[in-house]
Structure formats: structure tokens, C-alpha cells
Amino acid sequence: MKKRIHNRKELENFRKKLRKNLTPAEAFLWRHLKAKKLKGRRFNRQHSIKNYIVDFYCASEKLVIELDGAVHNTAKARAYDAKRTKVINELGYTVIRFENKMVFENLETVLSEITEHFKHTP
């Protein structure tokens, strides 16, 4: 039997907790992604792929969006993020990252960059 890689049951409670406690940047971007607001694409928030919980995921585009705050600015965090991105990329997904402040200061640029990664017509 093929092992499930999306939304594994053992991560369900943690995903729910993260969804209830979005960072301000995640909540702000989510308002622009939810309900197919961005070019008709459906996004999920706090979606798990393997043992990693990603901030936003668009299945139709195989696209992962990660928002990075100050906690990501350490050498240890950067190494972890690089490993995580590599694993997710090897599964065939594209990972794009934005700093939290960019979401607030340059939302149109962020949304434009996300749509540049769309490969399919809705």
C-alpha cells in the first residue's frame, strides 16, 4: 500500500492548531488566497506534505507558499528550511518563500509572483 504524503492523520491536531493561530502575515495573505480569490485557484492553509506543514498549498499548481518571519533568520532555521524545501521539491512541488514584511509592504508583488508560478489555465 502506498504511504499517504498529504495531510497525514498524525499531524491533524497540529494543523488545526496552526490554522487557529495564524501569524498576522499568514492571516493577511489568506484573505487574498481563500475562496479561489487568486485567479480561481484553490489554496489550503497549513497543509501537510510528508511530515512538513506548509503555510499555503495549491494542489492544481503543485505550489507551496511559505512565509518567513524573524525566526527563520538563524543559520539553523535556514538549514532546516533548505532541507524541507529540497524534500518538497523532490516530490514535484514548487516552493516559493516570502518574508512576512513583504506581504504587508508589497502585497501586489507577492500576488503577482505567485501567479507567475501558475502553469495551468483554470
Side-chain angles (χ1 to χ4, degrees):
M1 186 166 109
K2 192 173 179 180
K3 190 167 182 180
R4 181 180 179 151
I5 67 165
H6 289 276
N7 289 334
R8 289 181 173 166
K9 191 75 172 159
E10 62 269 21
L11 296 174
E12 183 175 19
N13 288 336
F14 191 44
R15 287 192 313 271
K16 285 180 180 180
K17 181 180 175 185
L18 290 172
R19 277 194 293 273
K20 289 179 183 176
N21 298 293
L22 294 177
T23 67
E26 289 170 345
F28 185 70
L29 183 58
W30 179 240
R31 286 193 297 260
H32 300 277
L33 298 178
K34 69 180 178 179
K36 298 184 179 183
K37 288 182 182 176
L38 187 62
K39 306 278 185 187
R41 298 323 194 271
R42 181 178 187 268
F43 282 86
N44 295 70
R45 59 193 164 130
Q46 307 305 333
H47 179 90
S48 66
I49 300 173
K50 287 200 129 189
N51 288 326
Y52 302 110
I53 299 177
V54 301
D55 294 330
F56 302 100
Y57 171 67
C58 179
S60 66
E61 298 295 338
K62 297 188 85 169
L63 181 63
V64 171
I65 301 166
E66 288 289 293
L67 300 184
D68 296 338
V71 72
H72 293 266
N73 291 334
T74 67
K76 186 176 179 179
R78 283 192 295 274
Y80 175 80
D81 287 343
K83 177 187 174 207
R84 183 176 195 257
T85 296
K86 183 178 185 281
V87 168
I88 294 170
N89 286 156
E90 287 172 349
L91 292 169
Y93 303 97
T94 300
V95 178
I96 55 176
R97 305 184 89 82
F98 300 99
E99 287 186 28
N100 286 346
K101 71 177 192 171
M102 189 169 180
V103 172
F104 293 117
E105 296 173 4
N106 299 305
L107 178 64
E108 290 307 316
T109 302
V110 168
L111 295 176
S112 177
E113 189 171 331
I114 293 169
T115 60
E116 287 173 11
H117 285 84
F118 291 170
K119 299 172 188 84
H120 304 98
T121 310

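Throughout, numbering of the chain's residues begins at 1 and tracks the sequence. Values below: all heavy atoms of this structure, side chains included; hydrogens, waters and symmetry mates excluded.
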**Prompt:** How far apart are the C-alpha atoms of Glu26 and Gln46, what are their side-chain angles, what is the distance that settles it, and do they pass the side chain to side chain contact (heavy atoms under 4.5 Å, CB included) test?
**Reply:** CA-CA 10 Å; Glu26 289 170 345; Gln46 307 305 333; 3.5 Å; yes
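- The two residues Asp55 and Leu67 come nearest to each other via the heavy atoms OD2-N, 2.7 Å.
- The closest donor-acceptor contact from the side chain of Glu61 to the backbone of Lys119 lies under 3.5 Å.
- Crowding of Glu99 atom CD: a count of heavy atoms from other residues, nucleotides or ligands under 6.0 Å not exceeding 12.
- How far NZ of Lys16 is from NZ of Lys20: 7.0 Å, rounded to the nearest 0.5 Å.
- Atom CZ of Arg19 is separated from atom NE2 of His47 by 10.0 Å, given to the nearest 0.5 angstrom.
- Ring planes of Phe104 and Phe28: tilted class, angle from 30 to 60°.
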**Request:** Report the C-alpha distance between Asn7 and Asn44 in whole Å, list the side-chain angles of each, state the deciding distance to 0.1 Å, and finish with yes or no for side chain to side chain contact (heavy atoms under 4.5 Å, CB included).
**Result:** CA-CA 11 Å; Asn7 289 334; Asn44 295 70; 5.5 Å; no
**Item:** Full working for side chain to side chain contact (heavy atoms under 4.5 Å, CB included) between Arg97 and Thr85
**Value:** CA-CA 10 Å; Arg97 305 184 89 82; Thr85 296; 3.2 Å; yes
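- Between Val95 and Glu66 the shortest heavy-atom distance is CG1-CG, 4.2 Å.
- In this structure, Arg8 places its CZ atom where more than 12 heavy-atom neighbours from other residues, nucleotides or ligands lie under 6.0 Å away.
- In terms of hydrophobic clustering, with Ile, Leu, Val, Met, Phe, Trp and Tyr side chains grouped at heavy-atom distances under 4.5 Å, Ile65 and Trp30 are assigned to a common cluster.
- Considering every non-hydrogen atom in both Leu91 and Ile5, the closest pair reads CD1-CD1, 4.3 Å.
- Hydrophobic clustering keeps Tyr57 apart from Phe14 (ILVMFWY residues linked when any side-chain heavy atoms are closer than 4.5 Å, directly or through intermediates).
- No donor-acceptor pair under 3.5 Å is formed between the side chain of Ser112 and the backbone N or O of Glu108.
- Rounded to the nearest 0.5 angstrom, Leu11 CG and Lys50 NZ are separated by 12.5 Å.
- Tyr93 and His6 have perpendicular rings, their planes meeting at more than 60° on a 0 to 90° scale where under 30° would count as parallel.
- Following chains of ILVMFWY side-chain contacts shorter than 4.5 Å, one can reach Phe98 starting from Leu111, so the two form part of one hydrophobic cluster.
- A donor-acceptor pair under 3.5 Å is absent between the side-chain atoms of Arg41 and the main chain of Leu33, judged by distance alone.
- One finds the NE2 atom of His117 at 5.0 Å from the CD1 atom of Ile96 (value rounded to the nearest 0.5 Å).
- Ring geometry, Phe118 versus Phe43: the interplanar angle falls from 30° to 60°, so the pair is classed tilted.
- Note on Phe56 and Ile53: separate hydrophobic clusters, where clusters join Ile, Leu, Val, Met, Phe, Trp and Tyr whose side-chain heavy atoms are under 4.5 Å apart, directly or indirectly.
- Under a hydrophobic-cluster definition in which Ile, Leu, Val, Met, Phe, Trp and Tyr are linked whenever side-chain heavy atoms come within less than 4.5 Å, directly or via other members, Met102 and Leu38 are assigned to the same cluster.
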**Request:** Would you check, one step at a time, whether the test side chain to side chain contact (heavy atoms under 4.5 Å, CB included) holds for Val54 with Arg84?
**Result:** CA-CA 10 Å; Val54 301; Arg84 183 176 195 257; 4.2 Å; yes
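- Residues Thr94 and Asn89 share a closest heavy-atom pair of CA-ND2, 4.0 Å.
- With a 6.0 Å radius and a threshold of 12 heavy atoms from other residues, nucleotides or ligands, Lys37 has its NZ atom above the threshold.
- No donor-acceptor distance shorter than 3.5 angstrom exists from the side chain of Asn100 to the backbone of Ala25, with no hydrogens or angles considered.
- With 3.5 Å as the limit, one finds a donor-acceptor pair spanning the side chains of Ser48 and Arg15.
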